[in-house]
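Each chain gets a letter, A, B and so on, in the order its sequence line appears, and its residues count up from 1. Quick caveat, the model's predicted, so the values are computed rather than measured.
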There are 2 protein chains.
Amino acid sequence: MGSDLLDRRERLLGPNVPTFYDRPVEIVRGEGASLFDADGQRYLDAYNNVAHCGHCHPRIVKAICEQAATLNTHTRYLHEGILDYAEALLGKFAFDGQLLMTCTGSEANDVALRMAQAVTGKRGFIATDNTYHGNTTAVAHLSTRRPPIGGWPDHIRRVPAPDSLTPLGGSLEAQSEAFAANVAQAIAELEESGHGFAGLMLCPIFANEGMPGIAPGFLDPTVEAIRRAGGLILCDEVQPGFGRIGSHFWGHEWLGVTPDVVTMGKPMGNGHPVAGLVATPEVMGAFREAFGYFNTFGGNPVSVAAAMETLRVIEDEGLQENAAQVGDYLLQGLRDLSHPLIADTRGLGLFLGIELARDGEPASDAAGRIVEAMRERHVLMGRVGRAQHILKIRPPMVFNRSDADEILEKLSQSFEELPA
Amino acid sequence: MGSDLLDRRERLLGPNVPTFYDRPVEIVRGEGASLFDADGQRYLDAYNNVAHCGHCHPRIVKAICEQAATLNTHTRYLHEGILDYAEALLGKFAFDGQLLMTCTGSEANDVALRMAQAVTGKRGFIATDNTYHGNTTAVAHLSTRRPPIGGWPDHIRRVPAPDSLTPLGGSLEAQSEAFAANVAQAIAELEESGHGFAGLMLCPIFANEGMPGIAPGFLDPTVEAIRRAGGLILCDEVQPGFGRIGSHFWGHEWLGVTPDVVTMGKPMGNGHPVAGLVATPEVMGAFREAFGYFNTFGGNPVSVAAAMETLRVIEDEGLQENAAQVGDYLLQGLRDLSHPLIADTRGLGLFLGIELARDGEPASDAAGRIVEAMRERHVLMGRVGRAQHILKIRPPMVFNRSDADEILEKLSQSFEELPA
C-alpha cells in the first residue's frame, strides 16, 4: 500500500516531495492527539503543532461547516467576522496592534518584510544562520537550508544562531552580548553595502535553531542595537504563539521583547489555511500606504470562523495552562531519561527538545534513529537544529499526562536500543 | 451599520484596506449566484469568480465538512486524496503534467517563477505592462499597479499589453507580430543585462489587461521567440481556468499554446484557500531538485476535498457548457445595449467586458458610474483595463438566462442614465 502510494506520488507530484520516515506513514483519520493509519493503527502525535486544539476538534469543524454553508467571500465586502476576530486577537497583545490576514505563514512573513521596508525605506534584513521563515521567494532568502536559485542575495545577512552545544560565549550574558555584536556588525555591513537596514526577523524562542537554552532578556542588547539603527523587530510566532510555550501566549512576551510586527500561521485555524500579522498602527499604515495589498482568500469569513473558534477553544479548554502543566511534567520525565548521547534536555511548555551529541559534536545519526524507532512504536515526533540532532516534541496542545507517560516510556525503550 | 463597520475596519485593520463601492456592501449570506446583505436584500453576483460553482455549493460544503471532521494534516504523511485529485486534474490537460499544491494563486505564481529559474538558470522575466499576478514580493514585481517598495527591479521587463482601444498594429496579425517583436526585444535586453531570460508569465486571455480582442494563434510568433531563447511559458489560469471561457477548460487551450507551467487559484476550491501548479515532469523535476519546497497547508486533505468536489461539480452540472451557452446569450444581449460611450463589447464564456471610451480615450469615469449604478440596482460587477474603463462581468458559473436577463435590463437602465 505504502509503496503504491509512493509510486503514485512520484508519478503525479514529481520527485523529492518531502515525506517523513524511512517507511512513510499513511494517515487517514485524526482525533485529539491521535492519528490513525489506513489499517486502523493508532499513532500518538507528538509532532503536529498545526492541529493546535487537537485533530478535527468538533467545535472548530462545526464553525467551519456552518460558515462555509452560509458565506465564503472576501474582504472587499464588509463583514463583522474579521472585525470580531481582530478585536479578540488584538486583545491578546500587550501592545496596540492592527491585523492583516493572509492564508499562510509564508505570506505573512513576506508581508512583514515589506512592512519593514515601507517604514524604513531600506531593503536589508538580518536573520540567524539556521532558520526557516517560509517558502515564498523573498522569505526563502532568509533560510539557510538550501541556496536560493540564483545564489544568496546580498541584502540578507546572517548572524550565528544561539547554540546550546557550541555557545557564542561563556555565560548567557556573554552569549547575549555576542549575538548583539554580530547583529550590530551585520547592520553596519548592510548600511555600508547601500542596502540599508530594514529589520531583524526571528522566532522569539529560536524554534528552528533548536530552541537553544536562552532566557528572557537575551535579546535586550540586540534590541538596543536595532532601535539605534532605526530597524524593525519582526517576530515570527508561527511556532511559539497561541499559548504553545505555556508561560505566555506569545514567544516575544516570554523573551521580553516588544516587536513592531508579529507574524502567525500554522496553529491559527487549527489546520485551516489561515495566517496573519499584527503590526503597530504606524507600521500597518506605512505598509498600506506603500503597497496596495489584497489577499483574495485572506480573512474570508470561513477562515476567520476557524481562527475565531480556535482562539475560543484555547481559552475555554485552558490549553495554555495545559501546555504549562503537561509540558513541565513531560520535561521532568525527559530529564530522567539517561543515555550517554543526551547532551541537553530543555523545553518551554509543549515545545521540548533533547539535544544529542557525541564528543561535543551533533549526533544527527542517533537523532534520526530515535525518530525512526519512535515511529515504529507509533509515536510521531521530529528533529531540528543545525545538524538535525535535536529531538523535537511539539504535540497538539491537548496532549495530556497519559500521552506524556506514553512518549516517556517509548523514548526510554528507544534510547535503550541506541548504541552510545 | 455600514459606517460603523468602516470605522471598526479602520481601527482594527488599518487604513486603505480595499473595499468595493462608494457605499460598501455588507454581505452576510450567499447561495448560487446570489448574495444577501445584512438587511436580507438580494444582490445578483456578476463579479465573483471564486465561488465558481455558486456560493456555498452544498456538495462542496459537505465535502469540506466531512473531511475536516476526519483528518486535516499535511503531505509529509501519505494520503490518497491528493493523488486522486492530481489524477483527475491532470486528466484535464492535453499535455503530460505533474501537480504541486499551494494555498493561493500568488504562492503558485511565486513558485512558477522559480520553476523557470530552475530550468533555465536565468533570472529575467517578461510580463505585460498592465497586469497583476499576485501579492508576494516576487510576484508583485510583475504588476504595474504600484511600484514595489525599493523601486522596479531590473530583471522584470514589461511589454505593451494587447489593447483593443489602441491596438499595437492594424490587423490582428500585425498586433500579434508587434507583441512578439516587443517580447523578442525584451529578451535581448534581459540577455544583455546579464539577468538572462527565464520566462514569460501571462494570462492566456489577458484578463487583467481587459481581455482585449485577440484570437487563437495570437501568441504563436511570441512562442517562437520564447522557444528560440530557451525560455519558459508560464500560463496564469487563475481567471480563465476551470471552464470559465466556455469553449475550453483552460485559456491556453483556447489560445492554442502549450505552456511549461500552468498556475491556478481562485475558483479551484470554490472559495476554500487552495491553489496549485501543473508543470511538465522536466520542469517539476528541475524545481524539486533545486528547491526544497514544502507548503504546510498546501495539498492538505480538506483543501484537496474541496478542490476535488469543485472539479466534480463542474463536470456533473455541466458548468463549462453553461458558461458557453449563457455567456453567448449574455454577449448577444450586451451587444444590443446602445450608448455612445460603448466602444466594444466582447466575451469568452462567462467572462465578458464592455469597453467604454470617449474620443478614443478610456472613459474610466463612466465605467465607475455604471458599476456604482449597478450596485444600487443590486447587481455586483467590476471593471478592469489599463484605465479601469472596461466593465467586467465574471459571475459564478451557475449564472443562468434569467440572471443574464436581469443584468441586461439593469445595465440598460444604468446606461440610459449615463451622460454621453
Relative to chain A, which segment of B:E10 carries a heavy atom at a distance below 4.5 Å: side chain, backbone, both, or neither?
backbone

Chain B contacts, top residue of A:T70, A:L380, A:V28 (heavy-atom pairs, under 4.5 Å)
A:T70

Can you tell which part of B:Y21 gets under 4.5 Å to a heavy atom of chain A, answering side chain, backbone, both or neither?
side chain

Do you know which of B:E87, B:M101, B:K122 has the most heavy-atom pairs with chain A at a distance under 4.5 angstrom?
B:E87

Side-chain (B:H74) to main-chain (B:R76) donor-acceptor, under 3.5 angstrom:
yes

Between A:I27, A:V61, A:N72, which shows the greatest number of heavy-atom pairs under 4.5 Å with chain B?
A:I27

Please report the C-alpha distance between B:T104 and A:T104 in whole Å, then the side-chain angles of each, then the deciding distance to 0.1 Å, and finally whether the side chain to side chain contact (heavy atoms under 4.5 Å, CB included) criterion is met.
CA-CA 9 Å; B:T104 67; A:T104 67; 5.6 Å; no

Quick check on B:Y47 against chain A: is it the side chain, the backbone, both or neither that has a heavy atom closer than 4.5 Å?
side chain

Which bit of B:V50 is near chain A, if near means a heavy-atom gap under 4.5 Å: side chain, backbone, both or neither?
side chain

So, the part of B:I60 with a heavy atom under 4.5 Å from chain A: the answer is neither

Okay, B:V274 and chain A: the region with an atom under 4.5 Å from a heavy atom over there is backbone

Report yes or no: do A:E107 and B:S106 form a side-chain donor-acceptor pair below 3.5 Å?
no

Quick check on the interface: out of B:G265, B:P58, B:C65, who has the most heavy-atom pairs with chain A under 4.5 Å?
B:C65

Lys/Arg N to Asp/Glu carboxylate O, A:R8 vs B:D84, below 4.0 Å
yes

Ignoring hydrogens and geometry beyond distance, is a side-chain donor-acceptor pair present between A:N295 and A:Y293 at under 3.5 Å?
yes

Under a 3.5 Å distance rule, please check whether A:R375 uses its side chain to pair with a backbone N or O of A:R23 as donor and acceptor.
yes

Heavy-atom contact with chain A under 4.5 Å, split by part of B:T136:
both

With a 4.5 angstrom heavy-atom cut-off, which part of B:A51 approaches chain A: side chain, backbone, both or neither?
neither

Using non-hydrogen atoms and a 4.5 Å limit, figure out which bit of B:S303 sits close to chain A: side chain, backbone, both or neither.
side chain

Residue pair A:L113, B:T137: steps toward the side chain to side chain contact (heavy atoms under 4.5 Å, CB included) verdict:
CA-CA 9 Å; A:L113 299 180; B:T137 300; 5.6 Å; no

Give the intermediate values and the outcome of side chain to side chain contact (heavy atoms under 4.5 Å, CB included) for residues B:V278 and B:M264.
CA-CA 8 Å; B:V278 168; B:M264 55 202 85; 3.7 Å; yes

Return yes if a side-chain donor-acceptor contact under 3.5 Å exists between B:Q239 and B:N208, otherwise no.
yes

Just so I understand: if I count every heavy-atom pair under 4.5 Å between each of A:G121, A:A138, A:G30, A:P301 and chain B, which residue has the most?
A:G30

More than 12 heavy atoms from other groups under 6.0 Å of CD on B:E282
no

Please state whether the side chain, the backbone, both or neither of B:D110 comes within less than 4.5 Å of a heavy atom of chain A.
both

Under 4.5 Å, counting heavy-atom pairs only, tell me which of B:Q117, B:H272, B:Q67, B:R123 racks up the most with chain A.
B:H272

Taking the six-membered ring for Trp, are the ring centroids of B:H57 and B:H52 within less than 6.0 Å of each other?
no

Quick one: of B:H55, B:K62, B:K266, B:H79, who has the most non-hydrogen atom pairs under 4.5 Å with chain A?
B:K266

With a 4.5 angstrom heavy-atom cut-off, could you sort out which part of B:I64 is near chain A: side chain, backbone, both or neither?
side chain

One option among B:P273, B:A140, B:A68, B:G105 has the most heavy-atom pairs under 4.5 Å with chain A, and it is B:P273

Chain A heavy atoms under 4.5 Å from B:N48: which part of the residue, side chain, backbone, both or neither?
side chain

With no hydrogens and no angle check, is any side-chain donor or acceptor of A:E31 less than 3.5 Å from a backbone partner on A:L35?
no

Any donor and acceptor pair, going by atom type alone, linking the side chain of A:N109 with main-chain N or O of A:G134 inside 3.5 Å?
no

Please flag which part of B:Y132 lies under 4.5 Å from any non-hydrogen atom of chain A: side chain, backbone, both or neither.
side chain

Per-residue tally against chain A (heavy atom, under 4.5 Å) across B:N300, B:V302, B:V111, B:T296 peaks at B:T296

What part of B:L100 gets within 4.5 angstrom of chain A, counting heavy atoms only: side chain, backbone, both, or neither?
neither

Under 3.5 Å, side chain of A:D96 to main-chain N/O of A:T280, donor-acceptor pair present?
no

